[in-house]
Undergrad: 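Have a look at this one.
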Amino acid sequence: MTEPLASSYDPKLYESKLYDFWLHHHLFHAEQDPSRKPYTILMPPPNVTSYLHMGHGTGYTMQDMLVRWKRMQGFNAMWLPGTDHAGIATQMMVEKSLAEAGESRQSLGRERFNIKLWEWKDKYGGMILEQFRSMGFSCDWDRLSFTLDPQLSLAVRRIFVDLFEAGLIYRGERLVNWDPVLKTALSDDELESKEIHSSLWHFKYPVEGTDAFITVATTRPETMFGDTAVAVHPDDERYQAFVGKQVRLPLVGRLIPIVADTYVKSEFGTGAVKITPAHDPNDFELGKRHNLANIDIMTDAGAMNDLVPEKFRGLDRFVARKEVVRAMRELGLLDKEEAYKTTVPISERSKEIIEPRLSKQWYVSMKSLATPAVAAANDGTLRFHPDLWKKTYLHWLENIQDWCISRQLWWGHRIPIWYCDQCHEHTTGMTDPSVCKHCSSSEIHQDEDVLDTWFSSWLWPLSPFGWPEKSNDLDYFYPSDALVTAPEIIFLWVARMVMVGLKVRGEVPFKDVFLTPTVCDKQGRKFSKTLGNGIDPLAVIAEHGTDAMRFTAVQLAPIGGRTRMAVEDFEAGGRFVNKLWNASRFLLGHVQADLALKPLNHAELDLASKWLLTELSLAAGRIDKALSTYRLNEAADQIYHLIWGGFCDWGLEAAKNTLAGADPAAKQRVVSVLVYVLDGILRLASPVMPFVTEEIWQKLPHHPDWDRPVSLTIAAYPKQETLPQFPAEAEQWRSVQDLVAAVRSARSQAGVPPKTPLNTWVRTTSELATLFNGASADIKRLAVIDQFNAGPDLSRPGQCLVAIGRGYEAYIPADGLIDIAKERTRLSTEVGRLEKILKGLEAKLGSASFASRAPADVLEQTTQQRDNLNMQLASLRANLEALT
RNA sequence: GGGGGUAUAGCUCAGUUGGUUAGAGCGAUACGUUUACACCGUAUAGGUCCACAGUUCGAAUCUGUGUGCCCCUACCA
């Protein structure tokens with residue numbers, strides 16, 4: 001007798017133990033092995049500072065499901081785990097914690113600050129890895145990587161040097177988002193926007209050599225000190241005469257040109273724009289087109305510098321704004337001031353309004369890298385699932401901008417560029433230089449900045465496998481098979497990996513890109529920290545267990561787009577896990593020690609067993625198809641229905657007769673089949689709910705028709721083709737199920753209590769009668785019937801309930817139990833429903849165009865439908881008649 | 001402003017190339033403890049498939065327009 005299972009499943013008792021068991025047997029580790037086919041997935045490395053949210057819970061579970069599935073199919077499956085140093089995010093958090101202690105990175109200095117950063121990384125990075133474990137991820141821990149690891153840093157250095165030497169990395173002057181309080185550049189991702197009520201000031205600028213003025217509108221008057229042009233639209237007749245002339249800039253006295261550019265919108269403001277290339281991104285672009293000078297008029301703290309007229313020097317930009325307006329008004333050059341609502345970018349950290357600021361940054365020239373990446377998506381080497389994301393990917397690549405890779409941070413890979421104080425040239429190399437490569441001066445210093453985090457994570461398909469060194473691992477595992485990630489990082493990450501992969505290997509880094517749905521709350525809002533509407537997967541796990549979290553997350557995740565989740569949804573997963581547990585408990589209770597399991601002997605199997613086996617096989621086929629096309633939610637659905645609707649509701653229920661019976665041989669046959677099927681079910685479900693399936697499987701006796709490795713996670717995944725199927729018998733059993741359902745429905749609608757035994761007589765074809773009589777024991781039990789008989793010549797007993805199905809009529813004598821009026825209503829309602837359908841079908845069949853144009857099989861199908869309906873209607877009407 | 005998506009039962013979603021009487025889970029309702037499971041069983045109710053127009057023998061499915069919602073991206077001096 002197998003040890004009995006507890007009456008409900010408590011995940012906490014098993015999960016940690018099972019995970020240790022898997023690790024103990026090294027089941028998640030893959031070594032390169034030319035005799036086996038690899039299956040590789042690269043885990044998108046989460047930020048080392050972040051706490052895993054439901055988006056990870058969903059997306060990573062999907063990856064784990066795929067990897068576990070392929071592992072069971074015999075592939076040398078490997079899921080590469082790791083974390084990303086996340087430059088800005090991490091540094092922000094560490095600086096915040098320093099600020100609480102009254103310290104700052106400046107007060108600590110670069111070296112000591114770095115130590116703090118690493119301490120932080122070790123603490124929080126470790127927490128994430130703990131979460132991987134809690135979620136049951138079968139990643140290869142021996143290959144755990146971090147973007148700042150020595151090997152990965154070497155790869156960053158290599159690609160930088162290579163691109164630099166190829167002339168693809170250059171230093172350029174651009175505008176960055178400058179935080180004047182924190183005195184640092186910020187990436188676009190670190191900005192928020194705020195709506196403010198401000199004004200739009202109209203300034204009159206005198207046109208040189210005339211008495212005319214040209215009026216410009218601005219929201220930032222203080223930037224006029226940096227103006228180097230006024231622009232108008234080339235087609236704007238109002239200003240045709242001014243183009244080519246010059247303007248005397250008020251307060252400053254400088255002469256600046258009036259230029260024509262299509263960027264200007266004639267209908268906005270006055271149709272003329274002051275151009276300040278050093279303080280506005282659009283103006284900067286326009287300035288480049290017209291060779292305008294960039295005049296930076298501010299300090300790093302956002303105050304006016306020495307390039308502005310004396311009386312404004314040192315003023316904060318907002319004070320200067322008021323003063324400029326006042327000065328212009330006094331000069332009579334303020335045409336008007338109108339109230340204006342606008343949105344301004346603010347720093348996520350300091351909440352200060354961002355000032356666009358001119359600075360020198362390092363860039364990667366992207367055009368030549370993008371071209372092969374476009375081709376790969378177009379020729380199908382790289383596939384997107386769902387395909388619509390290909391458009392997003394291509395759209396970005398076709399309009400690609402150069403990539404700014406320098407960041408004014410201390411956490412990250414320091415830019416391997418040395419500036420020469422003598423000749424001002426740049427030196428780079430794989431080792432730190434001691435002299436300038438160009439003039440041999442030893443007066444060189446390294447760039448203070450670090451590289452964008454994505455400049456290391458774009459190497460994720462390469463660097464963890466040993467690149468740039470020659471590496472067998474890389475040869476074996478590259479390219480990976482699937483990349484599963486969120487759509488918002490298609491540009492930041494996916495496209496860049498493709499580009500660099502093609503550049504250094506000449507081959508895409510993965511063949512399939514599967515984009516996971518965005519996880520939202522029930523109102524359709526994206527989970528976000530500020531809204532606080534997120535679901536913590538760890539809290540779900542604590543309440544319902546990991547399998548429940550995984551199953552529900554996958555089941556709710558549609559193929560594309562977004563998914564709406566609420567914590568309550570996970571109850572369903574918990575119930576499902578418990579259902580499987582209990583079904584197994586029931587079956588194991590019938591596995592006696594002296595009962596040897598029999599190999600399947602087709603000749604001995606009963607109808608229900610053959611149906612159940614067929615269901616298993618069909619489900620295996622559907623699940624395989626669903627997984628192969630990344631429809632993981634569909635696979636989860638199939639597993640659910642196989643277990644609940646198939647195995648529990650019908651498989652076990654039908655078996656109860658035999659299990660309660662006195663025939664040990666029959667019992668042995670049935671138990672053997674059920675154990676065989678349960679084993680198959682556990683295999684099918686293992687990738688999505690690995691814990692409960694493993695726990696049950698370990699307790700399940702070995703059925704001789706299955707393999708029996710040490711763990712379910714490496715047991716063979718069921719294949720439809722190799723599983724027994726009995727289509728004809730399965731169809732027969734479906735007729736039995738149909739009859740049972742019809743009887744249940746009739747009695748329930750008549751209000752007969754479920755336990756009250758009834759007699760049932762079925763009039764049907766002799767073929768079906770044989771089937772029904774042969775299965776009468778099952779039918780009696782399942783429909784709670786006392787006496788049962790089926791035959792072609794049975795006549796309708798007097799007062800009875802009627803259940804009409806395909807090819808039969810079931811009579812249930814129920815004297816005193818039926819409410820005649822109610823029964824009549826039920827039957828007439830059914831007649832009405834069927835008549836409506838019939839009418840539609842007859843109209844269709846009566847139409848000449850349908851008869852002549854519809855394909856033969858559709859025609860035949862429709863005709864058959866009509867005949868069926870007519871038969872059902874005839875029975876219904878006859879029975880309605882008999883009820884009077 | 002540009003790009004993309006989506007609209008099916010009270011809720012969350014299936015519905016794969018147009019072709020049985022549009023499905024599931026949750027929720028609701030009724031009855032019920034029967035060799036596992038009340039985290040259960042059986043049954044029932046609930047849908048003009050967003051609107052309008054079109055293509056077709058036939059449209060939830062394809063096309064157009066409108067409306068609502070969502071996402072990405074750029075934001076206007």
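Since we're looking at a predicted model, the values are computed, not measured. Numbered from 1 within each chain, the chains take letters A, B, ... in sequence-line order.
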Undergrad: Taking only the P atom of each, what is the distance from B:rA45 to B:rA30 in whole angstrom?
TA: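 Here B:rA45 and B:rA30 have their P atoms 15 Å from each other.
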Undergrad: Quick one: A:R631 CZ to B:rC13 C1', roughly how many Å, whole number?
TA: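 So the two atoms are 14 Å apart, to the nearest Å.
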Undergrad: Classify the nucleic acid contact of A:W201 as base, sugar-phosphate or nothing, counting any heavy atom under 4.0 Å across all strands shown.
TA: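 Nothing, no heavy atom under 4.0 Å.
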Undergrad: Expressed in whole Å, how much space separates the P atoms belonging to B:rG66 and B:rG1?
TA: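 My reading of the P atoms in B:rG66 and B:rG1 gives 13 Å.
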Undergrad: Give one of base, sugar-phosphate or nothing for A:H641, where a contact means two heavy atoms less than 4.0 Å apart.
TA: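 Sugar-phosphate: the residue A:H641, judged by heavy atoms under 4.0 Å, touches backbone atoms but no base.
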Undergrad: Quiz question: by atom type and distance under 3.5 Å, do the side chains of A:H233 and A:D261 form a donor-acceptor pair?
TA: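 Looking only at side-chain atoms, A:D261 and A:H233 do not form any donor-acceptor pair under 3.5 Å.
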Undergrad: Checking side-chain contact (heavy atoms from CB on, under 4.5 Å) against A:F203, which of A:M328, A:K336, A:E337 comes through?
TA: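 Only match with A:F203 under side-chain contact (heavy atoms from CB on, under 4.5 Å): A:M328.
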Undergrad: On a whole-Å scale, what distance lies between the P atoms belonging to B:rA9 and B:rG15?
TA: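 Approximately 15 Å lies between the P atom of B:rA9 and that of B:rG15.
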Undergrad: Does A:Q555 have a side-chain nitrogen or oxygen under 4.0 Å from the phosphate oxygens OP1 or OP2 of B:rC13?
TA: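 Indeed not, no polar side-chain atom of A:Q555 lies that close.
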Undergrad: Just call it for A:R220: base, sugar-phosphate, or nothing, with non-hydrogen atoms closer than 4.0 Å on any strand.
TA: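 Nothing: the residue A:R220, judged by heavy atoms under 4.0 Å, touches no strand.
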Undergrad: Could you check whether A:D569 gets within reach of a base, just the sugar-phosphate, or nothing at all, counting any heavy atom under 4.0 Å?
TA: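 A:D569: no heavy atom of the nucleic acid under 4.0 Å.
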Undergrad: Write down the distance between CD (A:Q638) and P (B:rA14), rounded to a whole number of angstrom.
TA: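 The answer, rounded to whole Å, is 15 Å.
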Undergrad: Taking only N and O in the side chain of A:S745, is any of them less than 4.0 Å away from OP1 or OP2 of B:rU44?
TA: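 Answer is yes, contact under 4.0 Å.
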Undergrad: Output the distance between atom CG (A:L838) and atom CG (A:N870), rounded to the nearest 0.5 Å.
TA: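 It comes to 5.0 Å.
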Undergrad: Once pairs are restricted to Watson-Crick or G-U wobble with both distances under 3.5 Å, how does RNA chain B read as a dot-bracket string, [ ] for crossings and | for other-strand pairs?
TA: (((((((..((((.....[...)))).(((((.......))))).....(((((..]....))))))))))))....
Undergrad: Among B:rA77, B:rA36, B:rU34, which is the nearest nucleotide to the side chain of A:C648?
TA: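 Of the candidates, B:rA36 comes closest.
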Undergrad: Would you mind reading off the distance between A:R747 atom CZ and B:rG32 atom P, rounded to a whole angstrom?
TA: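 These atoms are roughly 12 Å apart.
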Undergrad: Under a plain distance cut-off of 3.5 Å, with no hydrogens placed, do A:N582 and A:Y9 share a side-chain donor-acceptor pair?
TA: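 No pair is found: no donor N or O on one side chain lies under 3.5 Å from an acceptor on the other.
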Undergrad: Using the P atom on both, measure B:rC13 against B:rC76 and round to a whole Å.
TA: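 About 35 Å, rounded to a whole number of Å.
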Undergrad: Determine the Euclidean distance between corresponding P atoms of B:rG5 and B:rG46; express it in Å to zero decimal places.
TA: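 It works out to 36 Å between them.
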Undergrad: What about A:R781, does its side chain sit under 3.5 Å from the base of B:rU34 through a donor-acceptor pair?
TA: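 A donor-acceptor contact between them is absent.
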Undergrad: Heavy atoms under 4.0 Å, any strand shown: does A:Y340 hit a base, just sugar-phosphate, or nothing?
TA: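 Contact class for A:Y340: sugar-phosphate only.
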Undergrad: Can you tell me which nucleotide in B:rC76, B:rG32, B:rU12 comes closest to the side chain of A:L556?
TA: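 Ranking B:rC76, B:rG32, B:rU12 by closest atom to the A:L556 side chain puts B:rU12 first.
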Undergrad: What is the nucleic acid contact for A:V216, judged by heavy atoms within less than 4.0 Å: base, sugar-phosphate only, or nothing?
TA: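 If one applies the 4.0 Å heavy-atom cut-off, A:V216 turns out to touch nothing in the nucleic acid.
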Undergrad: If we ignore hydrogens and angles and just use 3.5 Å, is the side chain of A:R744 paired with the main-chain N or O of A:L782 as donor and acceptor?
TA: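 Confirmed, A:R744 side chain pairs with A:L782 backbone.
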Undergrad: At under 4.0 Å between heavy atoms, what does A:F576 touch on the DNA or RNA strands: base, sugar-phosphate, or nothing?
TA: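 Nothing, no nucleic acid heavy atom in range.
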Undergrad: Checking contacts here: which listed nucleotide (B:rG3, B:rU42, B:rG25) is nearest the side-chain heavy atoms of A:Y640?
TA: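 It is B:rG25.
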Undergrad: Between P on B:rG23 and CH2 on A:W644, what's the gap in Å once rounded to a whole number?
TA: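 Value for this atom pair: 22 Å.
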Undergrad: When the C1' atoms of B:rU8 and B:rU48 are considered, how many whole Å apart are they?
TA: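 After rounding to an integer number of Å, I get 12 Å for this pair.
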Undergrad: At 4.0 Å (heavy atoms only), tell me whether A:G269 reaches a base, stays on the sugar-phosphate, or touches nothing.
TA: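 No contact.
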Undergrad: Reckon A:I490 touches a base, only the sugar-phosphate, or nothing at all at heavy-atom distances under 4.0 Å?
TA: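 Result for A:I490 = nothing.
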Undergrad: So what does A:T392 hit on the nucleic acid, given a heavy-atom distance under 4.0 Å: a base, only sugar-phosphate, or nothing?
TA: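 A:T392: no heavy atom of the nucleic acid under 4.0 Å.
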Undergrad: What's the closest nucleotide to the A:L869 side chain, out of B:rA43, B:rU21, B:rU16?
TA: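 Looking only at side-chain atoms, A:L869 lies closest to B:rU21.
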Undergrad: Does A:E842 come within less than 4.0 Å of A:K839, counting only side-chain N to carboxylate O?
TA: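 Salt bridge: no.
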Undergrad: Would you mind telling me which residue lines up with the more 5' stretch of RNA chain B, A:M565 or A:P754, judged by nearest nucleotide?
TA: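 So the residue in question is A:M565.
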Undergrad: Would you kindly check if the NZ (Lys) or CZ (Arg) of A:K391 is within the cone defined by 45 degrees around the ring axis of A:F384 and under 6.0 Å from the six-membered ring centre?
TA: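 Judged by the rule (NZ or CZ under 6.0 Å from the ring centre, within 45° of its axis), A:K391 is not positioned above A:F384.
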Undergrad: Whole Å only: how far is the CD1 atom of A:I804 from the P atom of B:rU21?
TA: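 After rounding, the reported distance stands at 19 Å.
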Undergrad: Just checking A:F514 against A:Y630, ring centres under 6.0 Å apart?
TA: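 Centroid distance A:F514-A:Y630: below 6.0 Å, so yes.
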Undergrad: Select one nucleotide: of B:rC13, B:rC37, B:rU42, the one nearest the side-chain heavy atoms of A:R564.
TA: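 That would be B:rC13.
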Undergrad: With respect to the side chain of A:K391, which nucleotide from B:rG4, B:rC76, B:rA36 is positioned closest?
TA: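 Shortest atom-to-atom distance from the side chain points to B:rG4.
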Undergrad: Would you say A:W389 places a side-chain N or O within less than 4.0 Å of OP1 or OP2 belonging to B:rG3?
TA: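 Answer is no, no contact under 4.0 Å.
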Undergrad: In whole Å, what separates the C1' atom of B:rA24 from that of B:rU17?
TA: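 Taking atom C1' in both B:rA24 and B:rU17, they lie 23 Å apart.
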Undergrad: For the side chain of A:A854, starting at C-beta, report the closest nucleotide among B:rC76, B:rG19, B:rU21.
TA: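 Closest of the options to the side chain of A:A854: B:rG19.
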Undergrad: Verify, without hydrogens or angle tests, whether A:T552 (side chain) and A:G573 (backbone) share a donor-acceptor contact under 3.5 angstrom.
TA: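 Judged by distance alone, yes, a pair lies under 3.5 Å.
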Undergrad: Can you tell me if A:K579 touches the phosphate of B:rC39, counting only side-chain N or O atoms and a distance under 4.0 Å to OP1 or OP2?
TA: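 So the side-chain polar atoms of A:K579 never come under 4.0 Å of the phosphate oxygens OP1 or OP2 of B:rC39.
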Undergrad: Would you please say whether a donor-acceptor pair under 3.5 Å links the side chains of A:K274 and A:T276?
TA: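 Yes - a donor-acceptor pair under 3.5 Å links their side chains.
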Undergrad: What's the closest nucleotide to the A:R833 side chain, out of B:rU21, B:rC37, B:rA36?
TA: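 Out of B:rU21, B:rC37, B:rA36, the nucleotide with an atom closest to A:R833's side chain is B:rU21.
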Undergrad: For the ring pair A:Y14 and A:W581, is the centre-to-centre distance below 6.0 Å?
TA: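 A:Y14 vs A:W581: aromatic centres under 6.0 Å.
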Undergrad: Which residue, A:L659 or A:E634, contacts RNA chain B at a nucleotide closer to its 5' end, judged by nearest heavy atom?
TA: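 By nearest-heavy-atom nucleotide position, the 5'-most residue is A:E634.
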Undergrad: In whole angstrom, give the distance that lies between atom CD1 of A:I643 and atom C1' of B:rC37.
TA: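 Those two atoms, CD1 and C1', are 14 Å apart.
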Undergrad: Just the rounded figure in Å: distance from P of B:rC37 to CG of A:L587.
TA: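 Nearest whole value for this atom pair: 14 Å.
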Undergrad: For the side chain of A:E653, starting at C-beta, report the closest nucleotide among B:rA77, B:rA36, B:rG25.
TA: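 Among the listed nucleotides, the one closest to the side chain of A:E653 is B:rA36.
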Undergrad: B:rC37, OP1 or OP2 - any side-chain N/O from A:R575 closer than 4.0 Å?
TA: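 Answer no for this pair, as no side-chain N or O of A:R575 is under 4.0 Å from OP1 or OP2.
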Undergrad: Heavy atoms only, 4.0 Å cut-off, all strands: where does A:K265 land among base, sugar-phosphate and nothing?
TA: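 Here A:K265 touches the bases of the nucleic acid.
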Undergrad: Hey, is the side chain of A:Q401 pairing donor to acceptor with the base of B:rA74 inside 3.5 Å?
TA: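 Checked by distance alone, the answer is no.
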Undergrad: Among B:rU21, B:rG32, B:rC39, which nucleotide sits nearest the side chain of A:N578?
TA: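 Closest of the options to the side chain of A:N578: B:rC39.
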Undergrad: Under a 4.0 Å threshold between the charged nitrogen and the carboxylate oxygen, would A:R220 count as salt-bridged to A:D280?
TA: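 Result for this pair is yes, salt bridge flagged.
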Undergrad: Can you measure A:I696 atom CD1 to B:rC37 atom P for me and round it to whole angstrom units?
TA: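 Going from CD1 in A:I696 over to P in B:rC37 covers 15 Å.
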Undergrad: Write down the distance separating the P atoms in B:rU20 and B:rC62, rounded off to the nearest Å.
TA: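 Between the two P atoms, the distance is 15 Å.
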Undergrad: Please work out if A:P855 contacts a base, only the sugar-phosphate, or nothing of the nucleic acid, heavy-atom cut-off 4.0 Å.
TA: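 The residue A:P855 makes base contact.
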